[in-house]
Amino acid sequence: MKFAFLADLSDFLQSQYGVSVPEIPVELCPPQFTGDITVNCFPLAKALRRNPMELAAALCTQLAGHRDIEAVSAVKAFVNITLRPAALMRDTVADRDALLAAVALPAVERRRVLIEFSAPNTNKPQHLGHVRNNTVGMATASILERAGHDVVRVNLVNDRGIHICKSMLAYQRFGAGVTPASSGKKGDHLVGDFYVAYDKELRQQLAALRQDKPALADKTDEELFLETEIGLAAQEMLRAWEQNDPAVRALWETMNQWVFDGFAITYRRMGVEFERTYLESQTYMLGKDIIRDGLERGVFKKRDDGAVIIEFDDPSLGTKVVLRSDGTSVYVTQDIGTTMLKQNDFQPDQQIWVVGDEQIRHFKVLFAILKALGYSWADQLTHMAYGMVNLPSGKMKSREGTVVDADELFDEMETLARDATVEKAGDDLPENLDERARVISMAALKFMLLKVNPKTTIMFDPQASIKFEGDTGPYVLYAYARICSMLRKAAAASDVTAGALDWSLLKEPAERTLALRCALYPELLQKAARDLDSSALAGYLLDLAKDFSGFYRNCPVLNAEDASLRTTRLALSETVRVILADGLQALTINTLESM
RNA sequence: GUACCCGUAGCUCAGCUGGAUAGAGCGACUGCCUCCGGAGCAGUAGGUCGUGAGUUCGAAUCUCGCCGGGUACACCA
């Protein structure tokens with residue numbers, strides 16, 4: 001927040017103590033104290049090497065006569081300031097365009113950021129975990145964009161490998177030629193069914209195997225995989241795929257397309273879009289040449305068994321194989337290759353991966369390798385690690401059928417939102433009922449996921465989480481819709497003469513709080529962008545909506561006692577509306593003018 | 001075994017570059033629609049911030065130990 005009196009205060013400190021403090025930080029004054037804003041003198045005193053209490057007293061005396069200040073008091077080391085109404089409003093909300101313009105970072109701080117997220121597999125539909133990834137990825141990208149960065153959204157689809165072959169094999173055996181069209185099933189769900197069918201068959205074969213050969217009974221499923229007929233068949237199919245077997249490739253193309261068609265629908269419902277979608281089938285062979293080059297330069301070394309390795313100085317990273325003894329790639333080799341590819345395609349200043357926190361170590365290793373290879377951009381690589389989504393019953397496990405399917409979840413929430421809308425609407429149902437249900441349900445779901453810190457493990461209780469009251473997306477949407485309703489009525493009431501805008505009329509505590517909250521928006525959005533933390537923005541929007549509700553309750557707008565007050569309160573409301581819209585958009589949440 | 005993350009109200013979570021009497025929402029209990037939209041507002045009850053030390057004028061916040069929960073430590077992806 002930039003208040004005019006702060007410049008004078010800064011001059012005072014300069015002349016009095018000979019120390020320049022370019023930015024004096026101010027905070028909102030806690031409600032239990034009298035004042036609008038507070039200067040905390042503890043950090044200030046440390047910088048000036050003064051006694052905090054004495055400094056507070058000195059500032060208090062200095063500010064007492066300031067033209068913008070109505071009252072000032074020092075409590076311990078805190079200077080609580082009550083501003084004159086006109087000054088408070090002038091420095092916060094009076095210039096709406098300036099306030100919104102302050103959201104974007106200065107040009108020198110803007111960067112090109114490439115963000116990769118979603119990364120689904122083409123063997124099953126997306127579940128709640130993907131929904132969190134997609135939501136966090138989109139919101140982070142959008143927040144960065146709002147802060148002025150040039151953002152590139154990228155997806156890397158895992159469309160090859162043994163798990164893909166499993167659903168293909170099951171389809172060959174049990175599919176009987178079914179298609180999404182013939183079954184009326186969404187393509188990704190249809191393919192997912194065959195992945196489940198494969199697993200079921202594998203389990204039966206594993207059980208039979210253990211029965212027949214008691215000597216193998218103690219071995220793990222993984223160890224016995226190639227002992228089963230269907231395990232061997234899947235491996236054989238992967239080999240055929242790698243050798244470009246026409247029949248296998250054709251089936252792969254067909255089934256992948258079904259999945260992509262299904263994903264497109266899921267993504268559209270969520271508003272997820274990418275500038276570029278990379279396919280692992282086209283990138284998995286990348287990275288080897290970089291390893292060879294690094295080997296020649298001595299970054300890597302060849303072990304006795306022929307594997308290429310890197311030995312880190314950092315003992316916690318130890319040694320990592322980057323090329324197998326048979327010369328084939330490992331996971332990190334591919335990631336080295338795709339990182340280079342993205343770097344070459346877009347020349348970003350920073351790359352961000354939105355990937356689950358169980359891969360923290362993998363990315364630590366990846367970044368350390370790229371740094372060892374000497375790339376200048378290697379220390380601008382960021383793993384945005386987010387936590388898992390657990391259910392009250394425990395972890396989501398696809399095998400045990402405890403996953404929350406994305407599409408089903410959207411449907412369920414949409415139904416609940418429609419029911420709630422119908423219930424509140426009473427007799428006259430809105431024409432755009434479906435759209436309202438879509439927007440409200442998606443707002444509820446996204447907001448729930450975005451309001452908690454991305455790195456924490458979420459407990460998702462389907463019963464409790466699908467609420468539209470309290471600290472929720474719909475609560476924020478409701479505040480927005482109320483403002484729209486007021487503005488509509490104001491515009492329609494042509495017989496009411498518009499009063500002159502006069503900010504000095506806004507003296508109520510609720511008005512002051514609301515204006516101050518609005519003024520915090522730019523620094524909050526920038527903080528969310530800097531920390532890659534959507535929850536800071538979500539929390540702010542809730543606070544703003546709450547402050548608006550308090551204002552709405554205490555301060556009549558359309559029914560204000562005079563025309564000037566009405567006009568000015570409407571202007572304040574409009575500012576709140578614009579910030580809510582801006583912030584929700586930064587979270588990729590749509591708004592409704594009525595709900 | 002080693003490393004990282006987490007432990008705050010009955011539940012779900014904020015607060016964490018140290019700063020005033022630790023905050024929301026849900027749930028429970030009270031009030032508030034002849035007045036701009038009750039998906040709302042106002043209020044009550046509920047916490048020795050896992051635990052024990054340390055650093056400090058000051059610790060939920062920083063450091064260390066311990067307890068409890070999670071994750072990762074492949075020539076799997």
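The sequence lines fix the lettering, A, B, ..., with proteins before strands; numbering per chain opens at 1.
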Any donor-acceptor pair under 3.5 Å between the side chain of S535(A) and the base of A14(B)?
no
Please determine, by modelled atom types, if S594(A) and R488(A) share a side-chain donor-acceptor pair under 3.5 angstrom. yes
Q. Can Y552(A) be classed as stacking with the base of G40(B), given a centroid separation cut-off of 5.5 Å and a plane angle cut-off of 30°?
A. no
*Mind telling me whether W252(A) and W241(A) have parallel, tilted or perpendicular rings, with 30° and 60° as the class edges?*
perpendicular
**Prompt:** Do Y475(A) and S549(A) have side-chain atoms, one donor and one acceptor, less than 3.5 Å apart?
**Reply:** yes
| When the P atoms of G52(B) and C57(B) are considered, how many whole Å apart are they? | 23 Å
Q. What distance, rounded to whole Å, do you find between the two C1' atoms, one in A9(B) and one in C5(B)?
A. 24 Å
*Rounding to the closest angstrom, what is the interatomic distance between U56(B) and G19(B) at atom C1'?*
12 Å
The Watson-Crick or G-U wobble partner of U2(B), with both key distances under 3.5 Å, is A72(B)
Q: Answer with base, sugar-phosphate or nothing: what part of the nucleic acid does C41(A) contact at a heavy-atom distance below 4.0 Å?
A: nothing
inquiry  = Using the P atom as the point on both nucleotides, what is the distance between C64(B) and C6(B), in whole Å?
reply    = 14 Å
Syn within 90° of 0, anti beyond: C33(B) is syn
Worksheet item: What interatomic distance, in whole Å, is found between P of C16(B) and the corresponding atom of A60(B)?
Response: 14 Å
For K424(A) and A39(B), is the shortest distance between a side-chain N/O and OP1 or OP2 below 4.0 Å? yes
A39(B) and C49(B): how far apart are their C1' atoms, nearest whole angstrom?
32 Å
Worksheet item: Could a donor-acceptor pair under 3.5 angstrom be found where the side chain of D543(A) meets the base of A14(B)?
Response: no
pair_partner(G10(B)), Watson-Crick or wobble, both distances < 3.5 Å, evaluates to C26(B)
- prompt: On a whole-Å scale, what distance lies between the C1' atoms belonging to U48(B) and A42(B)?
  reply: 31 Å
Any strand, both distances under 3.5 Å, Watson-Crick or G-U wobble: C33(B) pairs with none
G58(B) -> Watson-Crick or G-U wobble partner, both distances under 3.5 Å, gives none
Original post:
Is there a donor N/O on one and an acceptor N/O on the other, under 3.5 Å, for the side chain of T457(A) and the base of G70(B)?
Top reply: no
| said: Stacking between Y478(A) and G37(B), defined as ring centres under 5.5 angstrom apart with planes under 30°, is that present or not? | reply: no
*Quick one: is S316(A) getting a side-chain N or O under 4.0 Å of the A3(B) phosphate, OP1 or OP2?*
no
If pairing means Watson-Crick or G-U wobble with both distances under 3.5 Å, then the partner of C64(B) is G52(B)
Taken to the nearest whole Å, CG/L44(A) to C1'/G19(B) is 13 Å
### Query
Heavy atoms under 4.0 Å, any strand shown: does V330(A) hit a base, just sugar-phosphate, or nothing?
sugar-phosphate
As its Watson-Crick or G-U partner within any shown strand, both distances under 3.5 Å, A45(B) has none
* Distance between the P atoms of G18(B) and C13(B), in whole angstroms? -> 26 Å
Between CG of N390(A) and C1' of C11(B) the distance, given in whole Å, is 16 Å
In whole angstroms, the gap separating C1' of G15(B) from NZ of K451(A) amounts to 15 Å
Legend entry - C36(B) phosphate, OP1 or OP2, under 4.0 Å from R488(A) side-chain N/O: no
For a quick check under 3.5 Å, do D159(A) and S281(A) share a side-chain donor-acceptor pair by atom type?
yes
Please answer whether A39(B) and F468(A) are stacked, defined here as ring centres separated by less than 5.5 Å and planes angled under 30°. no
In whole angstroms, the gap separating C1' of A24(B) from CE of M448(A) amounts to 17 Å
Atom CG of D314(A) and atom P of C73(B) are separated, to the nearest Å, by 16 Å
Before we go on, tell me: are the rings of Y195(A) and Y198(A) under 6.0 Å apart, centre to centre? no
